[in-house]
Amino acid sequence: MGHLDHAAFGWLTPVLSYAMACTGAALGLRCTVRALGTNGRSRRNWLLAAASAIATGIWTMHFVAMLGFSVGGTEIRYDVPLTILSLLVALVFVGGGVFAVGYGRDRGRALALGGLTTGLGVASMHYLGMAALRLHGSVRYDPMLVGLSVVIAVVAATVALWAGLNIKSPVAVGGASLVMGGAVSSMHYTGMLAVSVRVSPSGEALPGATVMQFVFPLAVGLGSYLFLTSAFVALSPSAREREASAAAQRPVEGAAR
């Protein structure tokens, strides 16, 4: 068996990955709150922003954590199409869950459906990302830990969507995002504990891209997207602020007439 190191750079990658998960969760929750305060095209756009933020945060969290993953006795490469597919799967499933909650009339049923859909999407993203690994050897999984990681993903997704429906204040959203970041990180590392590798030394070149050639630049790009979108959401007026602004302008318009 090859020796697995999940934190080859010490605490750097776990802390950065947790920060990415928290950022995506906070942004997704804020966008969901904005969506529920609007209708029509505006609601759709805010829900799209929420889904992309949550999915991007989770995907970035996974692959930032994977920057610190190494296996003794073999190099690691990543299959590029599978890695991109894992991101697309996260976007589609998380989008389905967010829209189920955003447009569902029965809140309880929508929350259950959205949590299940989003959680399965998170788990699918994780294991597709693991399937993209290319190394000299074979990868095996502990079924019990895999099942536990899927349960954690579904519970974490359900709690996140519940928070989006029920938590309004920025301070509460911040606290919820810290909890959600911890839940997503727990899911990732539970899934990683399920992994064992039987190394088969070989001199053949591995297919795929190295982590620095592909995964790192993509993770940096998506992380930058998260922070820029966070700034946009922070500067964008909420529904209450727009109403207050409109109310303040009415007396001025009446006096002018």
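From a predicted model like this one, the values you see are computed outputs, not experimental measurements.
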Do side-chain atoms of Ser17 reach the backbone of Pro14 as a donor and acceptor pair under 3.5 angstrom? yes
Point-to-point distance, once rounded to the nearest 0.5 Å, from CZ of Arg198 to OG of Ser196: 8.0 Å
Tyr141 OH to Met130 CE distance, which is reported to the nearest 0.5 Å: 4.0 Å
Find out if a path of hydrophobic residues (ILVMFWY) with successive side-chain heavy-atom gaps under 4.5 Å connects Val159 to Leu148. no
When every non-hydrogen atom of Gly181 is compared with those of Ala21, the smallest separation belongs to CA-CB, 3.8 Å
Is the side chain of His136 donor-acceptor paired with the backbone N or O of Glu204 at a distance under 3.5 Å, no angle test? yes
What one should report as the nearest heavy-atom pair of Leu29 and Ala176 is CD1-CB, 3.9 Å
If we ignore angles and hydrogens, is there a donor and acceptor under 3.5 Å between the side chains of Thr38 and Trp46? no
Which Ile, Leu, Val, Met, Phe, Trp or Tyr residues join Leu178 in one cluster when any pair of side-chain heavy atoms under 4.5 Å counts as a link? Tyr18
Distance-minimising heavy-atom pair for Leu120 and Phe93: C-CD2, 4.5 Å
List the steps, then state whether side-chain contact (heavy atoms from CB on, under 4.5 Å) holds for Trp162 with Val101. CA-CA 9 Å; Trp162 176 89; Val101 168; over 6 Å; no
Do His188 and Ile152 have side chains that approach each other closer than 4.5 Å (heavy atoms only, starting at C-beta)? no
How long is the span from the OG1 atom in Thr56 to the CG atom in Leu27, to the nearest 0.5 Å? 9.0 Å
Taking it one step at a time, do Leu47 and Arg44 satisfy side-chain contact (heavy atoms from CB on, under 4.5 Å)? CA-CA 5 Å; Leu47 289 175; Arg44 181 202 65 190; 5.8 Å; no
Could you list the cluster mates of Val179? Members are the ILVMFWY residues connected by side-chain heavy atoms closer than 4.5 Å, either directly or through other members. none
Kindly give the heavy-atom pair with the smallest separation between Gly119 and Ala157, and that separation in Å. N-CB, 3.5 Å
Indicate yes or no: at least one non-hydrogen side-chain atom of His3 is less than 4.5 angstrom from one of Val71. no
Does Leu48 reach the side chain of Phe99, with side-chain heavy atoms less than 4.5 Å apart? yes
Could you pull out all residues at least two apart from Arg77 that satisfy salt bridge (charged side-chain N to carboxylate O under 4.0 Å, His left out)? Glu75
What is the minimum heavy-atom distance between Gly115 and Leu161, and which atoms define it? N-CD1, 3.5 Å
Steps toward side-chain contact (heavy atoms from CB on, under 4.5 Å) verdict (Ile58, Met125): CA-CA 9 Å; Ile58 293 170; Met125 178 280 300; 3.2 Å; yes
How many angstroms lie between atom NE2 of His126 and atom CE of Met66, to the nearest 0.5 angstrom? 7.5 Å
Do you reckon Leu135 sits in the same ILVMFWY cluster as Leu82, going by side-chain contacts under 4.5 Å, direct or chained? no
Donor-acceptor pair, Thr60 side chain versus Gly57 backbone, under 3.5 Å? no
Give, for atom CE of Met187 and atom CE of Met61, the distance between the pair rounded to the nearest 0.5 Å. 9.0 Å
Indicate if Leu85 and Val139 have the same hydrophobic cluster label, given that clusters are the connected sets of ILVMFWY residues with side-chain heavy-atom separations under 4.5 angstrom. no
Quick one, Arg140 and Val195 - any side-chain contact, counting heavy atoms below 4.5 Å? no
Value for CH2 (Trp59) from CE (Met20), rounded to nearest 0.5 Å, stands at 12.5 Å
Do side-chain atoms of Arg43 reach the backbone of Ala35 as a donor and acceptor pair under 3.5 angstrom? yes
Kindly say whether Thr83 contributes a backbone atom to a donor-acceptor pair with the side chain of Ser86 at under 3.5 angstrom? yes
What about Leu206 and Leu133, same hydrophobic cluster or not, with Ile/Leu/Val/Met/Phe/Trp/Tyr joined at side-chain heavy-atom distances under 4.5 Å? no
Shortest non-hydrogen contact from Thr32 toward Ala50: OG1-CB, 3.5 Å
Considering only heavy atoms from C-beta outward, does the side chain of Leu4 approach that of Phe69 to under 4.5 Å? yes
Have Ser149 and Tyr189 got a donor and an acceptor in their side chains that come within less than 3.5 Å? no
Single-linkage hydrophobic cluster, 4.5 Å side-chain cutoff, Val15 and Phe63 together: no
